[in-house]
There are 2 protein chains.
Amino acid sequence: MLSKKTQYAFRALSYLGKQDTKKPVLISEIAREANVPKKFLETILLDLKKIGILNSKMGKGGGYYLLRNSEEITLAEIIRMFNGPIALLPCVSLNYYEPCDECKNGSGCGLNGVMSEVRDVTLNILENKSVRDII
Amino acid sequence: MLSKKTQYAFRALSYLGKQDTKKPVLISEIAREANVPKKFLETILLDLKKIGILNSKMGKGGGYYLLRNSEEITLAEIIRMFNGPIALLPCVSLNYYEPCDECKNGSGCGLNGVMSEVRDVTLNILENKSVRDII
DNA sequence: ATATAATCCATCTATTTAATAGATTATAAG
DNA sequence: CTTATAATCTATTAAATAGATGGATTATAT
């Protein structure tokens, strides 16, 4: 399941994506409108800024705004950022790969095949859907 | 990601599925061969017994054995038992459904559509693969 | 200089995960 | 009917993670 944090990130991005201008939006406005605890939201927005999805401005007239277009932000990257690996096992993860005990000595563990399949079909959706699609 | 407990359950079931007879197998043997902490394994086997996948015998000559054939135990049911919901959001879960804030007032949240898709393709694999397939 | 708003730092509770220790009950076999 | 065996029950514990908040600090527009 996706963590609250991940869901909050989606709500915030969704709200920002709905704005017709790219003018900065207050954290407090996002918190209120997207229904996310303000303090918690702060850390989320900061993370999104770090990876270049958002930018911010301090002081009067400040706030957060999208740096990339909403159709260019995939659901997969947001989930990876806030929820961790998308794969069900480390040994089939593309971005967080680690061999399991059985994988180490042989041609992969029993679950390897199935879980790779699951990963592929999941990624096929999540890499091709964007924030635009959830607005 | 699947929890250790879930992975242990798969290893234990896999080991039991490999036996050619249906004679009881000692917890300690399963623990050793499947590489699972014995005490932890006890609770896992007990759970598997409760839902009718395994049965056990106490005393000398006792142990655990499969009650259903390995090809009739789906990966999905084991994951649900030990890992919880397979869906990424409560509002698209078939077995653990709960509406989210946005779902309550309207025709579903933005993520609903995509996450239903993900659930469907995932379940399509996990409901149709069995313990037999991971041996 | 001042009000504004993001940023930083620190802490906190509850829950979940993973695991272990020891007592108890059921069973087979002599 | 006693003994060894092996599952079952009760309980506790350490560590990690999730979710959240309070208050001080820094940057910016006017």
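Letters A, B, ... mirror the listed sequences (proteins, then strands); counts begin at 1. All values below come from the heavy atoms of this structure, side chains included, with hydrogens, waters and symmetry mates left out.
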Just how far is it from atom [atom1] of [X] to atom [atom2] of [Y], taken to the nearest 0.5 Å?
{"X": "B/D120", "Y": "A/I125", "atom1": "CG", "atom2": "CD1", "answer": "8.0 Å"}
{"X": "A/T6", "Y": "A/I78", "atom1": "OG1", "atom2": "CD1", "answer": "9.5 Å"}
{"X": "B/L54", "Y": "B/L46", "atom1": "CG", "atom2": "CG", "answer": "10.0 Å"}

Value in whole Å for how far the [atom2] atom of [N] lies from [atom1] of [X]:
{"X": "A/K50", "N": "C/dC8", "atom1": "NZ", "atom2": "P", "answer": "7 Å"}
{"X": "B/L46", "N": "D/dT10", "atom1": "CG", "atom2": "P", "answer": "11 Å"}
{"X": "B/N55", "N": "C/dA26", "atom1": "CG", "atom2": "P", "answer": "15 Å"}
{"X": "B/N35", "N": "C/dA18", "atom1": "CG", "atom2": "P", "answer": "15 Å"}
{"X": "B/L48", "N": "D/dA7", "atom1": "CG", "atom2": "C1'", "answer": "15 Å"}
{"X": "B/D47", "N": "D/dA7", "atom1": "CG", "atom2": "P", "answer": "16 Å"}
{"X": "A/E29", "N": "C/dA6", "atom1": "CD", "atom2": "P", "answer": "10 Å"}
{"X": "B/I27", "N": "C/dA19", "atom1": "CD1", "atom2": "C1'", "answer": "15 Å"}

Can you figure out which of [options] approaches the side chain of [X] most closely?
{"X": "B/K4", "options": "C/dC8, D/dA7, C/dA18", "answer": "C/dA18"}
{"X": "A/K60", "options": "D/dA29, C/dA28, C/dA19", "answer": "D/dA29"}
{"X": "A/L26", "options": "D/dT21, D/dT5, C/dA6", "answer": "C/dA6"}
{"X": "A/E42", "options": "C/dA28, D/dT30, C/dC8", "answer": "C/dC8"}
{"X": "A/P37", "options": "D/dA7, C/dA18, D/dT21", "answer": "D/dT21"}
{"X": "B/M58", "options": "D/dC9, D/dA20, D/dA7", "answer": "D/dA7"}

Are B/Y8 and C/dA19 close enough that a side-chain N or O sits under 4.0 Å from OP1 or OP2?
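Affirmative; the distance criterion is met.
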
May I ask you to evaluate whether A/K57 reaches the phosphate of D/dA29, defined as a side-chain N or O under 4.0 Å from OP1 or OP2?
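Yes, such a contact exists.
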
A/K60, NZ: over 12 other non-hydrogen atoms inside 6.0 angstrom
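No, the 6.0 Å shell around NZ holds no more than 12 heavy atoms from other groups.
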
Would you kindly compare A/F40 and A/G61 by the position of their nearest DNA chain D nucleotide and give the one closer to the 5′ end?
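That would be A/F40.
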
For B/F82 and for B/L41, find the nucleotide of DNA chain C with the closest heavy atom, then tell me which residue's nucleotide is more 5'.
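Upstream on the strand: B/F82.
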
Presence of donor-acceptor pair under 3.5 Å, side chain of B/K39 and base of C/dG22:
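Such a pair exists between side chain and base.
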
Pair B/Q19, B/Y65: side-chain N/O donor-acceptor within cut-off below 3.5 Å:
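B/Y65 and B/Q19 do not have a side-chain donor-acceptor pair below 3.5 Å.
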
